[in-house]
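These notes are about the structure you will find just below.
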Amino acid sequence: MKRTHYCGELTIKNKGENVLLNGWVQRSRDLGNLYFIQLRDREGIVQLVIDPERCNEQTMQLFSDIKREYVLEVKGEVVPRNENINPDMKTGEIEVLVDDIKILNKAKLPPFHIEDNLNVSENLRLKYRYLDLRRPFMNKIMRTRYKLIDTIRNFMRGKEFIEIETPFLIKSTPEGARDFVVPSRMHQGKFYALPQSPQLFKQLLMVSGFDKYFQIARCFRDEDARADRQTDFTQLDLEMSFVEQDDVLTLTEQLFKVLFKEMKGIDIKTPFDRLTYDQSMDMYGSDKPERRYGMTLTDLTEIFKDCGFKVFSSAASGGGVVRAIVLKGKAEECTRKKITEYEEIAKKNGAKGLAWLRFTEGEINGGIAKFIKDKEDALKETLSLEDGDVVFFGADEREKASNALGAVRVHLIREFELIEDKDFFDMVWITDYPLFEKDEETGSYIAKHHLFSMPTSDTIQYLEKEPEKVYGILYDLVINGSEIASGSIRVHNPELQKKIMKTIGMDDEEIDQKFGFLLDAFEYGAPPHGGIAPGIDRLLMIMEGMDNLKDVIAFPKTNNQMCLLTGAPDELSSEQLEEIGIDIVKSEK
RNA sequence: GGGCCCGUGGUGUAGCCUGGUUAACACGUCGGCCUGUCACGCCGAAGAUCGCGAGUUCGAAUCUCGUCGGGUCCGCCA
């Protein structure tokens, strides 16, 4: 390494020094018989000057060959720019007067400019990801990502956790998401799965007595991606023995306090607010509530029990609910066309429709107003209606009505840009999740989270007869309406674990076949334990104010699970297929 | 699996609804000129059979159908 400095590091303090730089050509300018080159490396850009009074003929000649993104080695002297200072450049006070230039490598013309304000399709960025990452902005994000992970490791070390790696090639177990599957050459016809999370191994580590474990863990889920969901992603996976819910939450709060301080210089308030799942659903119609704006759901079930509007009265008196949100002061902007759009959102989220009305000139009108005139005063008072308000109703079973209104609520908050302080981070714990839910199609119970969460002591009694009434010691950390971490206190008693598995319809044989190893382990003195797993990609995304996970991952995949850079996934040769004993059967369309 | 949106020189867009001669604009690229530029400037040039296939038509970037790729949302997923 002959380099003496990074381009972006040079300042007026280096005045007079002879330096050797390595970097890429950002752009060059030819002024006739005086040339400038902007040379870029990971620390920034510095201006090179090629002056005929300083350089020999050969170097001057070389300039005409140099194009964007050529890789150079440059010798020269740092000189002050005097009257030509560029205040917009970090190194703008100086420039490097070139003595000698060597072209280390040529570069094809890149498909897009290596600069931050680029306007190019994500497609192209992903195909040429190595060039995209060369941009200062992406470069910075990757470094921020490393700093985040480094800060996490420091914190965990300070709390006496130890980092243990768990295998990637594991047994496929039914846990929720589809497993990625890897064929085995040594055992033809058998398959490994890639971990959806290190869940079972970290529990086994607790049985082993490690007490406090963590891992920066890659997780794989063969499900459709989203803007905030990648096929493979990274979690801080942690688990502790002999703890209760509060221990995990407190530790997580301490961690996040340190992370936001170190990364953003922000002091976040601890302890975080807590809502139970039911509270969050009732207030926000979501288990990941966006709380940076009000517009909470109001329950109107009592009011509409005996009203003449059948949609409401039948829901209200038939065990369901009537709930409403109020969009303050937007009656004029809320056109019929928009309301139709909102109704679509409600329907998408399980509602049959979206009842609405406006409050103008002191009375309710439009939408369903004429059907519920008799309840006008009660509505006015309960919802504190003012002129210009728009009210949206959901009338259905409790969960359905809330869900649909919650979706409309989030849409309205975004559409009308109701969040004022965009730099504020709202942190809230959502606790006490239902452990099971009924599959609407089959009528059987399925685990809402995963199978290993401990039921709460006051609902465990319903396990056999009314599983939907069982809540788990489960907790999610939600930041700005986005689920960032998820965890629980685990079951450590083999009998209880078996009971839970049977609740979702597994029989003894299946339990033994899939989870026998875990239940065996629990027979040998499993400590009470619990943990949590914050998503590193999502956390970084939120911290950096980005809205797509791809931008915080070095080599992300498309929504189709494709790597546009390498072309994965791809076919295997017939030799490879034969070796692992796999025949490809083309499905007929 | 489904809904919606997108695909036009190297890049980003316009044109498409309402089919019609040389597909327009910006940036970039190439050539020439220029000794203080920094989004250098000036002059000039090249570069797209409009994702692919079929159909309708005298004629398709434009209309229809199919297909491929991408985005986003729902389903799915913690």
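Heavy-atom basis, side chains included; hydrogens, waters and symmetry copies ignored. Chain identifiers are assigned alphabetically (A, B, ...) following the order of the sequence lines, protein sequences preceding nucleic acid strands; residue numbering begins at 1 within each chain.
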Tell me whether the side-chain N/O atoms of A/S121 come closer than 4.0 Å to OP1 or OP2 in B/G7. no

Provide the distance between the two P atoms, one in B/G28 and one in B/G71, to the nearest whole Å. 29 Å

Scan A/L118 against the nucleic acid and name what it touches under 4.0 Å (heavy atoms): base, sugar-phosphate only, or nothing. nothing

Do side-chain atoms of A/Q26 reach the backbone of A/I114 as a donor and acceptor pair under 3.5 angstrom? yes

Decide yes or no, distance alone: a donor-acceptor N/O pair under 3.5 angstrom between the base of B/G75 and the side-chain of A/R226. yes

For a quick check of understanding: with a heavy-atom distance under 4.0 Å over all strands, which category does A/L31 fall into, base, sugar-phosphate or nothing? base

Expressed as a whole number of angstroms, how long is the span from A/Q47:CD to B/G36:C1'? 8 Å

Under a 3.5 Å limit on both distances, the Watson-Crick or wobble mate of B/A24 is B/U13

Please determine whether a side-chain nitrogen or oxygen atom of A/N560 lies at a distance below 4.0 Å from atom OP1 or OP2 of B/G70. yes

Please state whether the base of B/U11 and the side chain of A/R125 form at least one donor-acceptor pair under 3.5 Å? no

In whole Å, what separates the C1' atom of B/G41 from that of B/U35? 14 Å

Taking 4.0 Å as the cut-off, does a side-chain nitrogen or oxygen of A/Q196 come that near to OP1 or OP2 on B/C77? no

With heavy atoms under 4.0 Å as the rule, sort A/N548 into base, sugar-phosphate or nothing. sugar-phosphate

Does A/R68 have a side-chain nitrogen or oxygen under 4.0 Å from the phosphate oxygens OP1 or OP2 of B/U29? yes

Can A/D396 and A/K352 be counted as an ion pair, charged N to O under 4.0 angstrom? yes

Say you pick atom P in B/G69 and the same atom in B/C30; how far apart are they, in whole Å? 35 Å

Check ion pair A/E290-A/R292 (N to O, under 4.0 angstrom): yes

To the nearest angstrom, how far is A/Y475 atom OH from B/A78 atom C1'? 14 Å

Taking only the P atom of each, what is the distance from B/G2 to B/U11 in whole angstrom? 31 Å

Name the closest nucleotide to the A/K348 side chain, picking from B/C74, B/A78, B/G70. B/C74

Determine the contact category for A/T558: base if any of its heavy atoms lies under 4.0 Å from a base atom, sugar-phosphate if only primed atoms, P, OP1 or OP2 are that close, otherwise nothing. sugar-phosphate

Whole-angstrom distance between B/C27 and B/U18, as gauged at atom C1': 32 Å

Rounded to whole Å, CG of A/N123 lies from P of B/G12 at a distance of 9 Å

If you take atom types as modelled and just measure distance, does the side chain of A/R29 reach the base of B/C34 with a donor-acceptor pair under 3.5 Å? no

A/P110 near the nucleic acid: base, sugar-phosphate alone, or nothing, with a heavy-atom cut-off under 4.0 Å? nothing

Does A/E223 contact B/G75 through a side-chain donor or acceptor facing the base, at a distance under 3.5 Å? no

Could you check whether any side-chain N or O of A/R27 sits under 3.5 Å from a backbone N or O of A/Q38, counting only pairs where one atom can act as donor and the other as acceptor? no

Please work out if A/F36 contacts a base, only the sugar-phosphate, or nothing of the nucleic acid, heavy-atom cut-off 4.0 Å. base

With respect to the phosphate group of B/U72, does any side-chain polar atom (N or O) of A/K550 fall under 4.0 Å of OP1 or OP2? yes

Indicate, with a heavy-atom threshold strictly under 4.0 Å, whether A/S197 touches base, sugar-phosphate, or nothing. nothing

Please evaluate residues A/E437 and A/K448 with respect to the criterion salt bridge (Lys or Arg N to Asp or Glu O under 4.0 Å), reporting the C-alpha separation (whole Å), side-chain torsions for both, the decisive distance (0.1 Å), and the verdict. CA-CA 6 Å; A/E437 64 184 339; A/K448 202 161 168 130; 3.6 Å; yes

Distance-only donor-acceptor test, A/D30 side-chain atoms vs B/C34 base atoms, 3.5 Å: yes

Using atom CG of A/L34 as one end and atom P of B/C33 as the other, report the distance to the nearest whole Å. 16 Å

Whole-Å distance, A/N403 CG to B/G75 P, equals 9 Å

Knowing that exactly one of A/L62, A/I103, A/V98, A/L21 qualifies, which makes a side chain to side chain contact (heavy atoms under 4.5 Å, CB included) with A/L72? A/I103

Could you measure between the two P atoms, the one in B/C5 and the one in B/A45, and give it in whole Å? 41 Å

Under a 4.0 Å threshold between the charged nitrogen and the carboxylate oxygen, would A/R178 count as salt-bridged to A/D222? no

In whole Å, measure the gap between the C1' atoms of B/C77 and B/C25 for me. 44 Å

Tell me which nucleotide, if any, is Watson-Crick or G-U wobble paired with B/A54 when both distances must be under 3.5 Å. B/U64

Salt bridge (Lys or Arg N to Asp or Glu O under 4.0 Å) for A/D432 and A/R274? Distances and angles first, verdict last. CA-CA 10 Å; A/D432 298 80; A/R274 293 189 193 183; over 6 Å; no

Rounded to whole Å, please give me the gap between CD in A/E344 and C1' in B/C73. 13 Å

What contact category does A/Q230 fall into here, base, sugar-phosphate, or nothing, at under 4.0 angstrom with non-hydrogen atoms? nothing

Counterpart residues, ring-ring contact (aromatic ring centres under 6.0 Å, His included), relative to A/F416 (two or more places apart): none

Can you find a donor-acceptor pair, distance only, under 3.5 Å between A/R221 side chain and B/C76 base? no

Distance check, C1' atoms only: B/A14 and B/C74, in whole angstrom units. 33 Å

Identify whether any heavy atom of A/N86 sits under 4.0 Å from a base atom; if not, whether one sits that close to sugar-phosphate; answer base, sugar-phosphate or nothing. base

When we call it a touch if two heavy atoms are under 4.0 Å apart, what does A/H113 touch: a base, just sugar-phosphate, or nothing? sugar-phosphate

When rounded to whole Å, the CD to P distance for the pair A/E122 and B/G69 reads 17 Å

Within the structure, does a side-chain N or O atom of A/N559 lie under 4.0 Å from either OP1 or OP2 of B/U72? yes

Euclidean distance, atom OH of residue A/Y128 to atom C1' of B/U11 [Å, nearest integer]: 12 Å

What contact category does A/N119 fall into here, base, sugar-phosphate, or nothing, at under 4.0 angstrom with non-hydrogen atoms? sugar-phosphate

